[in-house]
Every structure is written in C-alpha cells, then in structure tokens.
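Beneath this line is the structure, given in structure tokens, with notes to follow.
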Amino acid sequence: MSKTEVVVYANSDLLAAAAAARLVTRLVDLQAAKGSASLVLTGGGTGIAVLEQLRRSPARDAVDWSRLDLYWGDERFVPADDDERNERQARRALLDHVPVDEKRVHPMAASDGEFGDDPDAAAEAYARVLAANARPEDHGDVPGFDIMLLGLGGEGHTASVFPESPAVYETERSVIAVRNSPKPPPTRISLTLPAIRQARDVWLMTTGGAKADAVALALSGAGEVQLPVAGARGTHRTLWLIDRTAAAKLSHVYLPPTA
Ligand SMILES: O=C(O)[C@H](O)[C@@H](O)[C@H](O)[C@H](O)COP(=O)(O)O
C-alpha cells in the first residue's frame, strides 16, 4: 500500500535546497542497492530550481551520474533550441554540469526533430522508448521509475495533464500529445496518469499561495478528472514537498516556524 507524506518548508529556497539534498541521498542509496537509478524530471519553476540546487550541492558527485536513467514527465513541443524546452532548462540547470551517460538520457522530441511538427508521432515514439526500457518486473510498457519529480498548477494540473482534458481520461497510452494547453506553450507531450503511477516514488513539489487550494484538495481526496495531481501517486510513496504558503489551506500538518 502506497503511503503519502507531506513535508512543509519555511520558504521556496529551503524547499528547493532540501529537495535537492533528498534527491542526492535517495539516488546514492538506490545506486548502492541496485547499481543504477531512474529519475523522471519535470519542467516548471520549482522543478528547475531543484536541479539548480542539486548542481550547487557539495554532495552532488556522490551520485554516479553515469548510472542514472533520465526521463521527462512532459515537454513543451517547441524547437530544440527554444528556451521553453524542459530539456534545455534541465541541461542548463544540471545535466550539462555532470557526467551523465547520454545513452541513458531520454528527452522527448522537439517540434523540429525527427518527427517534425507532429506531436502525436513524437508521443508514440516516446512511448516506444519507455517500452524499450521497461523490464519484466515492471509488468508492462513503462519502466518502474525510481523517482518521478512533478510540479502542479493552481488549477490542479501535473506534468501536462490538465483538468477535464482528453489526457486525464487516457487509460491505455503511456504518452500523449497535448494541444491547446491552458499553460503556454500550447502544444506538449506528456506522460499520462497511468504512466505516472508506474513510479515507485512520486515527489510533488510546489510553492506559493496560488497552489494552496490544489494542494489541500488533492490531499483531501479530490478526483483526478477535476484535479489531475490527485491522481499522481507512487506505487510505494507519494511525497509532497511544499512551502508554507502552498500549505496554507492544510490544517493537519506541522507548519515549521517562519524563517
Ligand atoms: O512543463 C511544465 O510546465 C511542467 O511540467 C508543469 O507541470 C509545471 O511543473 C507546473 O506547471 C508547475 O510549474 P511552476 O513550478 O513553475 O509553478
């Protein structure tokens, strides 16, 4: 049975630093236990801030970056050199500064890549990448990711799965194209909730009062169609890493003293 944990930090900087420290520790432990680890990255301000903190961490190179399988939970379907790309932001924040094995880094296609401006083809191709990296013990076409990092929007989206969108009703495919995204840019590629739920650990990381309602609703049992982030659960653990302002509507968790 998966467990849900909530950790509240005094502010967004502390959240990003603490999440980075957690990530180093968890990746090192996973690699010590089984020789490698798999991590799914997210876009968004908080997700990228965590990678920047990880780059600056003195413990950074305790991670064997060459034995880390890296994926993305979603991507903006824009040209490869567009700063809106989650991959581009992740490389600037961290990946260009550590010795990853590029054969183990799996970005989603860009709109000027091998599939041209066809997000459906790009999504289908990424589903094939996931299937090629799934093992028998994963029982399906999606790897059992060790850690999936996710952000969330004030209206409850996560990755690029938005409330009452076609994506949130998807039960078969692991990766889909998203059009007319309420959050720009409009065209995206995203893992679906069933694919997200293949992860052992799902870490939901967010800050700011604008997210407080979504956080409170997700933790009080809201349905995933209206609040997709409520459906982002790990098979072993769902960890909420939030700051005080995002926790403002939660009554039953410890709120640290203000800094
Ligand atoms: O590509 C994206 O935009 C992200 O995957 C998206 O899901 C993001 O994580 C949330 O919108 C939170 O973004 P902020 O952390 O910037 O609020």
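Ligands are counted one by one from 1 in listed order, and the atoms in each one are counted from 1 as well.
- By the 4.0 Å N-to-carboxylate-O rule, Glu5 lies close enough to Arg237 to be salt-bridged with it.
- A side chain to side chain contact (heavy atoms under 4.5 Å, CB included) with Val161 holds for exactly one of Val168, Ile176, Leu150; it is Val168.
- Ranking protein heavy atoms by distance to atom 10 (C) of ligand 1, first place goes to His157 NE2, 3.4 Å.
- With a 4.0 Å heavy-atom cut-off, ligand 1 is reached by the side chain of Asn86 but not by its N, CA, C or O.
- Shown in contact with Asp74 at under 4.0 Å from a heavy atom are these atoms of ligand 1, numbered in order with element: 1 (O), 2 (C), 4 (C), 5 (O).
- In terms of polar-atom proximity, defined here as any N/O pair under 3.5 Å, Ala159 does make such a contact with ligand 1.
- Between Arg55 and Glu52 there is no salt bridge, since no side-chain N of the basic residue sits under 4.0 Å from a carboxylate O of the acidic one.
- Residue Gly45 has at least one N or O atom closer than 3.5 Å to an N or O atom of ligand 1.
- Taking distance alone, with nitrogen or oxygen atoms compared against 3.5 Å, Thr158 stays at or beyond that limit from ligand 1.
- Residue Phe145 comes nearest to Leu191 through the heavy atom pair CE1-CD1, 4.3 Å, listed as atom of the first residue, atom of the second, then distance.
- Among Lys34, Arg26, Gln31, the one residue that satisfies the side chain to side chain donor-acceptor pair (under 3.5 Å) test with Asp146 is Lys34.
- The proximity of Glu75 to ligand 1, defined as any non-hydrogen pair under 4.0 Å, does not occur for either the backbone or the side chain.
- Nearest non-hydrogen protein atom to atom 12 (C) of ligand 1 is Leu152 O, 3.4 Å.
- The residues Arg179 and Asp120 are annotated as salt-bridged, a charged nitrogen and a carboxylate oxygen being separated by less than 4.0 angstrom.
- Across the listed options Glu84, Lys211, Arg76, Arg76 owns the non-hydrogen atom lying nearest to atom 1 (O) of ligand 1.
- Interface atoms of ligand 1 facing Gly151, defined by a heavy-atom separation under 4.0 Å, are 9 (O).
- At least one N or O atom of Gly43, backbone or side chain, sits closer than 3.5 Å to an N or O atom of ligand 1.
- In this structure, Arg188 has a heavy atom closer than 4.0 Å to ligand 1.
- With a 4.0 Å cut-off on non-hydrogen atoms, Thr46 touches ligand 1 through its backbone as well as its side chain.
- The aromatic rings of Tyr71 and His106 lie parallel to each other, their planes meeting at an angle below 30°, with 60° marking the opposite boundary.
- The existence of a salt bridge linking Glu224 and Arg197 is confirmed by a sub-4.0 Å separation between a basic side-chain nitrogen and an acidic carboxylate oxygen.
- At a threshold of 4.0 Å, the pair Arg200-Glu137 does not count as salt-bridged, since none of the basic side-chain nitrogens sits closer than that to a carboxylate oxygen.
- Protein heavy atom at the shortest distance from atom 13 (O) of ligand 1 is Lys183 NZ, 3.4 Å.
- Atoms of ligand 1 found under 4.0 Å from any heavy atom of Thr42 (numbered from 1 in listed order, with element): 5 (O), 9 (O).
- Between atom CG of residue Asn86 and atom CG of residue Leu41 there is a gap of 9.0 Å, rounded to the nearest 0.5 Å.
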